[in-house]
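I have placed the structure first, in the form of structure tokens, so that the comments after it can refer back to it.
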Amino acid sequence: MGCQSSHPSAIPELEEIMEETGFSQASVVRLYDRFQALDKEQKGYLSKYDLQGIGELAVNPLGDRIINAFFKEGEELTDFRSFIRVLARFRPMEEGKSKETGRPEPMNSRQSKLQFAFQLYDQDSDGKISRDEMLQVLRLMVGIQVTDEQLACIAERTIQEADQDGDGAISFEEFAMSVEKLNIEQKMSLRLLK
């Protein structure tokens, strides 16, 4: 596709996408061009294989889980609208802008970013992070640098510290409380998505 940029009129539902995601027209055009570059066969959708071509995801220990977030349950393909909805979660928050009353939660809100992070752990989508799910993520993150026994201890301690109701797992609410002091807005924002 080179340096040539798509014309805004080539993007279906441009105005609705801008309203829903908070992206500017220029950002939507740029992301549409990126989508088309990934869609090498110009099918109008992407597969998981297409997204695996993104270098940053290929080297990210959670890359496969992030890629899966682009796809609805049981689906193998994603269109541009679904693609940009996921990316909207990584759009930086605008300084000094608060949620408008009566409007849905912005896709890039702290709550939305936390839900995205939570789903990377909660692989069975039961609304809880189990000890095994925590252990899986830890293994992905540290690889062979730490023994299985050490990882099991870390997972167990993490669950114990965050588990407020004593059920042996971490609910979304417990997860949100445990990362309360982290600057999620910054850590889960990509400046290039302004």
Next item on the list: Applying side-chain contact (heavy atoms from CB on, under 4.5 Å), run through Arg85 and Met107 and close with a yes or a no.
Entry: CA-CA 8 Å; Arg85 279 183 184 132; Met107 290 183 159; 3.5 Å; yes

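- Two residues are said to be in side-chain contact when any heavy atoms from C-beta on lie closer than 4.5 Å; Phe80 and Asp39 fail this criterion.
- By the side-chain hydrogen bond (donor to acceptor under 3.5 Å, both in side chains) test, Asp79 is found to be paired with Ser82, residues two or more places apart in sequence or in another chain being considered.
- Taking the side chain as every heavy atom from C-beta outward, Gln52 and Ile67 approach each other to under 4.5 Å.
- From Leu151, atom CG reaches atom CD of Gln136 across 12.0 Å, with rounding to the nearest 0.5 Å.
- Under 3.5 Å, the side chains of Asn68 and Lys48 contain a donor-acceptor pair of N or O atoms.
- In terms of modelled atom types and a separation under 3.5 Å, the side chain of Asp122 and the main chain of Ile129 share no donor-acceptor contact.
- In this structure, the side chains of Phe70 and Leu87 come closer than 4.5 Å at one or more pairs of heavy atoms.
- Residues Met141 and Leu135 share a hydrophobic cluster, clusters being chains of Ile/Leu/Val/Met/Phe/Trp/Tyr side chains in contact below 4.5 Å.
- Within the structure, the salt bridge (charged side-chain N to carboxylate O under 4.0 Å, His left out) test picks out the following pairs touching residues 128-141 (sequence neighbours left out): Lys128-Asp165, Lys128-Asp167, Arg131-Glu156, Arg139-Asp148.
- Under a cut-off of 6.0 angstrom, the local environment of CD in Glu149 is sparse, with at most 12 non-hydrogen atoms contributed by other residues, nucleotides or ligands.
- Residue Ala162 comes nearest to Ser178 through the heavy atom pair CB-CB, 4.0 Å, listed as atom of the first residue, atom of the second, then distance.
- In the hydrophobic clustering (ILVMFWY side chains linked at under 4.5 Å, chained through shared members), Tyr49 stands by itself.
- Asp33 contributes atom CG, which lies 7.0 Å from atom CD1 of Ile11 (distance to the nearest 0.5 angstrom).
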Notebook entry, point to check: Would Gln25 and Met18 count as a side-chain contact (heavy atoms from CB on, under 4.5 Å) if you check the C-alpha gap in whole Å, the side-chain angles of each, and the deciding distance to 0.1 Å?
Noted result: CA-CA 7 Å; Gln25 179 175 307; Met18 290 169 50; 3.8 Å; yes

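- For Gln123 (side chain) and Gln119 (main-chain N/O), a donor-acceptor pair under 3.5 Å exists by modelled atom type.
- Between the CD1 atom of Ile84 and the CD atom of Glu20 there is a distance of 9.0 Å, given to the nearest 0.5 Å.
- Under the 6.0 Å distance and 45° angle rule, Lys43 counts as a cation-pi partner of Tyr45.
- For Ser112 and Gln115, the side-chain atoms include no donor-acceptor pair closer than 3.5 Å.
- The heavy-atom pair separating Ile66 from Leu120 by the smallest distance is N-CD2, 3.9 Å.
- Atom-to-atom distance recorded for Asn108:CG and Met188:CE is 11.0 Å, nearest 0.5 angstrom.
- For Arg81, the CZ atom is densely surrounded, since the number of other residues' heavy atoms within 6.0 Å is greater than 12.
- At least one side-chain heavy atom of Arg89 sits less than 4.5 Å from a side-chain heavy atom of Phe116.
- The nearest pair of heavy atoms linking Asp163 to Glu174 is OD1-OE2, 3.4 Å.
- Counting only distance, with no hydrogens or angles, the side chain of Ser109 and the backbone of Glu105 share no donor-acceptor pair below 3.5 Å.
- Within the 4.5 Å cutoff, the side chain of Leu38 has heavy atoms near those of the Phe83 side chain.
- Clustering ILVMFWY residues whenever any of their side-chain heavy atoms sit less than 4.5 angstrom apart, transitively, puts Val179 in the very cluster that holds Ile170.
- Side-chain contact between Leu77 and Lys72: absent, with no pair of heavy atoms (C-beta onward) separated by less than 4.5 Å.
- With rounding to the nearest 0.5 Å, the separation of CZ in Phe35 from OG1 in Thr78 is 6.5 Å.
- For the pair Glu41 and Asp50, the minimum side-chain heavy-atom distance is 4.5 Å or more.
- A single hydrophobic cluster is seen to contain both Val142 and Met134, as judged by linkage of ILVMFWY side chains at heavy-atom distances under 4.5 Å, directly or through other members.
- The two residues Phe23 and Val28 come nearest to each other via the heavy atoms CB-CG2, 3.6 Å.
- Summarising the geometry of Ala169 relative to Ile159, their closest heavy-atom pair is N-CG2, 4.1 Å, with the distance given to 0.1 Å.
- Across Phe71 and Leu46, no two heavy atoms sit closer than the pair CE2-O, 3.5 Å.
- In summary, the side chains of Ser27 and Ser24 do present a donor paired with an acceptor at a separation below 3.5 Å, with no hydrogens or angles considered.
- Phe118 contributes atom CZ, which lies 8.0 Å from atom CD of Glu173 (distance to the nearest 0.5 angstrom).
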